[in-house]
2 protein chains.
Amino acid sequence: MVNKDIDADVRAVEGKPRPSSRVPLDRDRILAAALSYIEEHGLSQLSMRKLGSELGVEGMSLYRYVPGREALLDGIVETIIDEMSLDEDVLPKPEYGWQDFLQRFAHGVRRIALSHPRAFPLVASRPPEAPWLRPPLRDLRWVELFLDGLSSEGFSDDAAVAAYRGFTSFLLGHLLLEVSTMGADLGPLDVLDEAATSQRQGFAGFPLVDRMSGQLAQDHSVAEFEESLENLLDRLTLLRDS
Amino acid sequence: MVNKDIDADVRAVEGKPRPSSRVPLDRDRILAAALSYIEEHGLSQLSMRKLGSELGVEGMSLYRYVPGREALLDGIVETIIDEMSLDEDVLPKPEYGWQDFLQRFAHGVRRIALSHPRAFPLVASRPPEAPWLRPPLRDLRWVELFLDGLSSEGFSDDAAVAAYRGFTSFLLGHLLLEVSTMGADLGPLDVLDEAATSQRQGFAGFPLVDRMSGQLAQDHSVAEFEESLENLLDRLTLLRDS
DNA sequence: ACCTGAACACCGTTCAAGT
DNA sequence: ACCTGAACACCGTTCAAGT
């Protein structure tokens with residue numbers, strides 16, 4: 001009883017999360033910890049040593065479970081990608097037409113991106129292992145799912161592949177921008193200061209930016225995503241029926 | 001004479017580029033060297049110390065001209081962005097309508113992205129200093145140019161801003177994917193090996209990927225860019241006239 | 001005025017040694 | 001079987017000292 005409380009105090013002072021019980025480490029726990037560390041402190045702060053201490057262990061211990069830092073980053077990407085397989089809305093095949101299928105697919109990817117804003121750029125910037133695995137759909141299972149969905153809905157092979165290309169570049173552009181205007185990497189106070197400053201002095205020399213700064217600052221991510229997606233689907237309709 | 005030849009031999013052995021004459025360093029020379037170093041060795045290989053030695057100097061000397069590594073990376077982005085201002089095709093205002101204007105604009109950005117494939121991801125992944133500076137158009141001058149071009153062609157403020165958003169996310173998605181399927185970060189031999197391997201064994205468990213692997217491997221970047229851009233322009237036409 | 005050497009704190013990674 | 005300590009090579013960065 002008394003011992004337990006003392007332990008708690010020591011932990012609080014040292015800022016360690018817990019002596020990590022006695023269960024040994026494993027790859028999944030390491031990847032999950034890395035992901036949450038990135039979301040809390042930013043990608044640039046992640047190091048093997050810090051991640052180790054987050055898990056109550058020296059950094060060198062991680063090498064038992066992960067070949068190295070590069071592999072760790074790849075594993076994080078994999079973890080993010082895998083999450084979508086758990087998403088109920090995404091997995092099912094087209095039941096209400098391919099348009100509904102792609103809508104659900106797109107929103108599923110978006111949900112995942114937005115739930116890991118600071119790690120998502122990894123998905124985009126780690127080099128894909130093959131040219132047909134286009135970010136953010138960096139998994140053969142997804143590509144297969146995508147192609148299968150469209151195929152079964154009457155897309156020719158060429159049309160399905162073209163749709164795959166259009167779909168990935170749409171997702172990548174939108175989600176990367178959305179995620180980068182979120183948190184980004186600065187404290188919220190700086191943003192406010194900057195905003196206040198430019199409010200005061202306007203944008204000298206940039207009259208149109210100045211005039212439209214109100215509109216420019218507004219966030220329309222959801223609506224934009226929706227509209228752009230609809231537009232893409234319209235385009236794919238033409239592609240399919242040609 | 002003899003001395004000169006000996007010097008040359010020493011340089012060849014040490015692999016240094018040149019004692020960098022006697023002209024002192026300057027920021028621009030540093031940024032240019034950094035950019036070309038990245039294109040040659042990849043972003044991950046760049047360090048202050050290596051960059052210094054590339055310039056015939058100890059790494060610490062760079063701090064006279066650049067506040068630190070982060071600022072160096074920002075400077076590289078700035079350098080890339082600035083290049084477009086030198087592009088004859090981009091700067092001019094609309095003379096043949098806004099569609100031609102945006103076509104030239106888009107192709108100008110694309111040219112720059114493709115000429116720095118390994119550095120371009122920096123443009124996308126460095127956090128933008130303000131939410132209205134959307135990658136890859138991270139410069140107020142460009143934003144102003146863009147808005148001015150559309151404004152003078154009859155776009156309302158709202159329509160111009162919406163066009164700006166659509167345009168940036170289109171460019172980002174396309175160019176990042178195009179650049180990442182280029183060089184990426186692996187030697188060309190690996191790619192061939194991998195391709196040969198999958199050729200041999202097919203894609204077990206992924207029948208549609210297997211069937212369409214031919215189409216998937218083909219590169220249609222140019223045509224895709226063109227088609228997608230045309231489509232975006234069509235969409236913007238509706239936006240403008242609504 | 002410009003560059004360097006030495007120093008510091010931190011990194012990724014290996015491996016023999018501890019329990 | 002799992003983790004650690006010590007070690008190595010390499011980093012970013014500061015600053016007093018050299019020319």
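First the proteins, then the strands, lettered A, B, ... as listed; each starts at 1. Below, each value reflects all heavy atoms present in this structure, side chains not excepted, and no hydrogens, waters or symmetry copies.
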Measure the CD1-CG distance between A:Ile81 and A:Asp74 for me, rounded to the nearest 0.5 Å.
11.0 Å

Mark yes or no for whether B:Arg29, through its side chain, and B:Pro24, through its backbone, hold a donor-acceptor pair below 3.5 Å.
yes

Mind calculating the distance between [atom1] ([X]) and [atom2] ([N]) to the nearest angstrom?
X	N	atom1	atom2	result
B:Met48	C:dC3	CE	P	14 Å
A:Arg64	C:dT14	CZ	P	12 Å
B:Leu62	D:dC11	CG	P	13 Å
A:Arg69	C:dC11	CZ	P	10 Å

Can you find a side chain N or O atom of A:Ser61 that sits less than 4.0 Å from OP1 or OP2 on D:dT4?
yes

Does B:Tyr65 place a side-chain N or O at less than 4.0 Å from the phosphate oxygens OP1/OP2 of C:dC3?
yes

State plainly whether the residues [X] and [Y] are in salt-bridge range, i.e. N to O under 4.0 Å.
X	Y	value
A:Glu129	A:Arg138	yes
A:Arg27	A:Glu78	yes
A:Arg118	A:Glu39	no

From C-beta outward on B:Tyr63, which listed nucleotide comes closest to its side chain: D:dT14, C:dT4, C:dG12?
D:dT14

Given a 3.5 Å cut-off on both pairing distances, which stems involving DNA chain D, each at least three consecutive Watson-Crick or G-U pairs, are present, if any?
C:4-8 with D:12-16, C:12-16 with D:4-8

Please confirm whether A:Arg141 makes a cation-pi placement over B:Phe206, using NZ or CZ under 6.0 Å from the six-membered ring centre and within 45° of the ring normal.
no

Counting primed atoms, P, OP1 and OP2 as sugar-phosphate and everything else as base, the B/S/- map of nucleotides 5-10 of chain D against protein heavy atoms under 4.0 Å is BBB---

Look at all strands and tell whether A:Gly68 reaches a base, only sugar-phosphate, or nothing, counting heavy atoms closer than 4.0 Å.
sugar-phosphate

If you define the side chain from C-beta out and look only at heavy atoms, does anything of B:Leu122 sit under 4.5 Å from B:His116?
no

Between B:Tyr164 and B:Leu137, is there a side-chain heavy-atom distance shorter than 4.5 Å?
yes

Students often mix this up, so state it plainly: with edges at 30° and 60°, are the rings of B:Phe146 and B:Phe167 parallel, tilted or perpendicular?
tilted

